[in-house]
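Worth knowing before you read on, the calculation uses all heavy atoms, side chains too, and leaves out hydrogens, waters and symmetry mates. A quick note: this is a predicted structure, and the numbers were derived from the prediction, not measured.
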Amino acid sequence: MTSQMPKSYSIKSYTPRHETWPYKPSDFARQDERDDTDFYDTPRLVTHIDDLAIESLRDYYATVLPTKGRILDFCSSWISHYPDAVTQAASKGDVKVTAMGMNDAELKANKVANGGRVCADLNATPDIPSALSKAGVATEEGFDASTCVVSIDYLPSPLEVLKSLLSITKPGGTVHLVISNRCFPTKAIGRWLRVSEQERLAMVGDYLHFAGWKGIEIVEVSDGTVDAGRAAPGGLGGLMAYLGMPGGGRDPLWVVRGRH
């Protein structure tokens with residue numbers, strides 16, 4: 001059961017482009033290869049997409065996330081951007097939300113995470129079930145849905161991570177990989193920084209395809225323009241967007257999703 005009726009989104013079915021895994025180890029090299037636990041040691045209680053993108057993401061989640069069962073938010077932080085129906089279901093115990101991330105203080109601040117908070121480095125050990133089990137979170141029952149917000153570009157081993165995720169996803173369960181154009185460039189994989197936004201989306205589709213996910217789709221949640229009649233995000237860019245001046249806008253947002 002999802003929290004509201006589906007909205008109308010531009011959805012493109014992913015078409016496999018390669019017969020074998022097309023990427024080289026060098027595609028996943030990063031400018032900063034130092035231990036990720038050091039980089040993420042300091043809590044960042046901030047949001048990494050703007051307010052309108054967050055609102056659009058919550059609207060999208062309301063059409064796809066269950067209000068019963070189990071949800072995993074991996075590469076998570078202090079906020080999961082889930083809609084009211086999901087947070088209310090979590091508060092009643094109808095849905096269990098597990099948050100997995102890199103910073104313990106951020107995870108402790110995540111109010112919706114009623115199904116466990118797991119501090120784990122998926123770049124050191126790209127195995128989600130193992131990290132959950134070590135933290136005492138049961139995996140046998142499986143998850144109905146998983147989310148990952150603007151973080152898939154930080155994973156040097158996305159194939160292993162997404163294969164491991166598939167192994168603990170219920171039949172018919174879904175994964176939703178949220179993508180924008182913001183990142184920490186020193187920690188993003190090299191190929192991400194070299195290719196266009198559309199190629200990034202296709203590349204993430206490749207990740208899911210070779211990890212064994214089915215029904216892969218690319219959803220445009222926001223094209224980066226401010227809708228007429230809606231409040232613009234704060235700051236100079238938001239004012240310019242509201243006035244229709246060049247340079248204004250909002251963060252674009254896509255979801256690459258798949259099904260078990």
Side-chain angles (χ1 to χ4, degrees), residues 21 23 25-44 48 70-81 97-110 112-113 115-139 142-143 145-169 173-180 182-193 200 203-213 255-258 260:
W21 180 245
Y23 303 111
S26 60
D27 290 328
F28 300 97
R30 300 172 296 167
Q31 296 175 29
D32 181 359
E33 292 287 9
R34 291 176 294 177
D35 194 327
D36 289 319
T37 56
D38 294 336
F39 182 82
Y40 294 104
D41 183 62
T42 301
R44 295 178 174 89
H48 298 285
R70 300 179 76 199
I71 302 174
L72 173 66
D73 188 29
F74 65 103
C75 300
S76 187
S77 180
W78 67 280
I79 188 168
S80 294
H81 306 307
V97 177
T98 301
M100 173 183 289
M102 287 284 291
N103 186 280
D104 188 58
E106 292 178 4
L107 294 173
K108 286 179 178 176
N110 191 319
V112 76
R117 298 172 175 85
V118 180
C119 197
D121 183 357
L122 291 176
N123 290 342
T125 306
D127 186 333
I128 290 177
S130 174
L132 292 172
S133 295
K134 287 179 181 179
V137 177
T139 60
F143 289 87
S146 298
T147 58
C148 176
V149 178
V150 293
S151 293
I152 193 68
D153 46 317
Y154 300 130
L155 298 182
S157 302
L159 188 61
E160 292 82 355
V161 170
L162 293 171
K163 281 183 177 179
S164 76
L165 176 63
L166 182 64
S167 74
I168 54 169
T169 300
T174 57
V175 62
H176 304 267
L177 305 175
V178 181
I179 296 166
S180 189
R182 292 196 189 191
C183 69
F184 296 118
T186 60
K187 282 298 185 181
I189 63 166
R191 191 174 191 273
W192 194 270
L193 303 177
R200 292 171 181 171
M203 180 168 64
V204 176
D206 293 339
Y207 293 174
L208 289 174
H209 170 66
F210 284 100
W213 294 83
V255 176
V256 183
R257 64 190 186 188
H260 191 295

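Contact annotation: the side chain of S77 never approaches that of V149 to less than 4.5 Å [non-hydrogen atoms, C-beta and beyond]. Side-chain contact between Y23 and R191 is present, with heavy atoms from C-beta onward closer than 4.5 Å. Between Y154 and C75, every side-chain heavy-atom pair lies at or beyond the 4.5 Å cut-off. Annotation: side chain of V150 is not in contact with side chain of I179 (no heavy-atom distance under 4.5 Å). In this structure, E160 and I128 have side chains that are not in contact, with every pair of non-hydrogen atoms separated by 4.5 Å or more. Side-chain contact between C119 and L107 is present, with heavy atoms from C-beta onward closer than 4.5 Å.
Legend: residues meeting salt bridge (charged side-chain N to carboxylate O under 4.0 Å, His left out) with D206, ordered by chain and number and at least two apart, are R17. By the salt bridge (charged side-chain N to carboxylate O under 4.0 Å, His left out) test, R117 pairs with no residue at all, sequence neighbours left out. Residues satisfying the side-chain contact (heavy atoms from CB on, under 4.5 Å) test with S130, not counting sequence neighbours, are D127, K134. With sequence neighbours excluded, the residues that form a side-chain hydrogen bond (donor to acceptor under 3.5 Å, both in side chains) with T147 are D73, Y82. Take F210 and apply the ring-ring contact (aromatic ring centres under 6.0 Å, His included) test, not counting sequence neighbours, and it matches W21. With sequence neighbours excluded, no residue satisfies side-chain hydrogen bond (donor to acceptor under 3.5 Å, both in side chains) with D153. Residues satisfying the side-chain contact (heavy atoms from CB on, under 4.5 Å) test with A211, not counting sequence neighbours, are L159, L162, K163, W213. With sequence neighbours left out, the salt bridge (charged side-chain N to carboxylate O under 4.0 Å, His left out) criterion links D104 to K108. For R257, the side-chain hydrogen bond (donor to acceptor under 3.5 Å, both in side chains) criterion is met by Y60, E217, not counting sequence neighbours. H260 pairs by the ring-ring contact (aromatic ring centres under 6.0 Å, His included) definition with nothing, not counting sequence neighbours. For the side-chain hydrogen bond (donor to acceptor under 3.5 Å, both in side chains) test, residues two or more places apart in sequence or in another chain that qualify with T174 are H176.
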Using side chain to side chain contact (heavy atoms under 4.5 Å, CB included), reason through W192 and R200 one step at a time and then give a plain yes or no.
CA-CA 6 Å; W192 194 270; R200 292 171 181 171; 3.5 Å; yes
Stepwise side chain to side chain contact (heavy atoms under 4.5 Å, CB included) test for T98 and L132:
CA-CA 9 Å; T98 301; L132 292 172; 3.9 Å; yes
Pair L165, L72 - check side chain to side chain contact (heavy atoms under 4.5 Å, CB included), show working.
CA-CA 9 Å; L165 176 63; L72 173 66; 3.8 Å; yes
What do the steps show when you test S76 against M100 for side chain to side chain contact (heavy atoms under 4.5 Å, CB included), and what is the final call?
CA-CA 5 Å; S76 187; M100 173 183 289; 5.7 Å; no
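In terms of heavy-atom proximity, Q31 sits nearest to P185 at NE2-O, 3.8 Å. Across all non-hydrogen atoms, the minimal contact from I168 to P129 is CG2-CG, 3.7 Å. Nearest heavy atom pair, residue S80 against residue N110, reads OG-ND2, 3.0 Å. L155 and F28 make their closest contact through O-CD2, 4.1 Å (heavy atoms, listed as atom of the first residue, atom of the second, distance). Considering all non-hydrogen atoms of both residues, M203 and I189 come closest at CE-CD1, 4.4 Å. V161 approaches S164 most closely through the heavy-atom pair O-OG, 2.7 Å.
With values rounded to the nearest 0.5 angstrom, S146 atom OG is found 6.5 Å from F74 atom CZ.
Under the side chain to side chain contact (heavy atoms under 4.5 Å, CB included) rule, V175 has a single partner from T169, L208, L166, which is L208.
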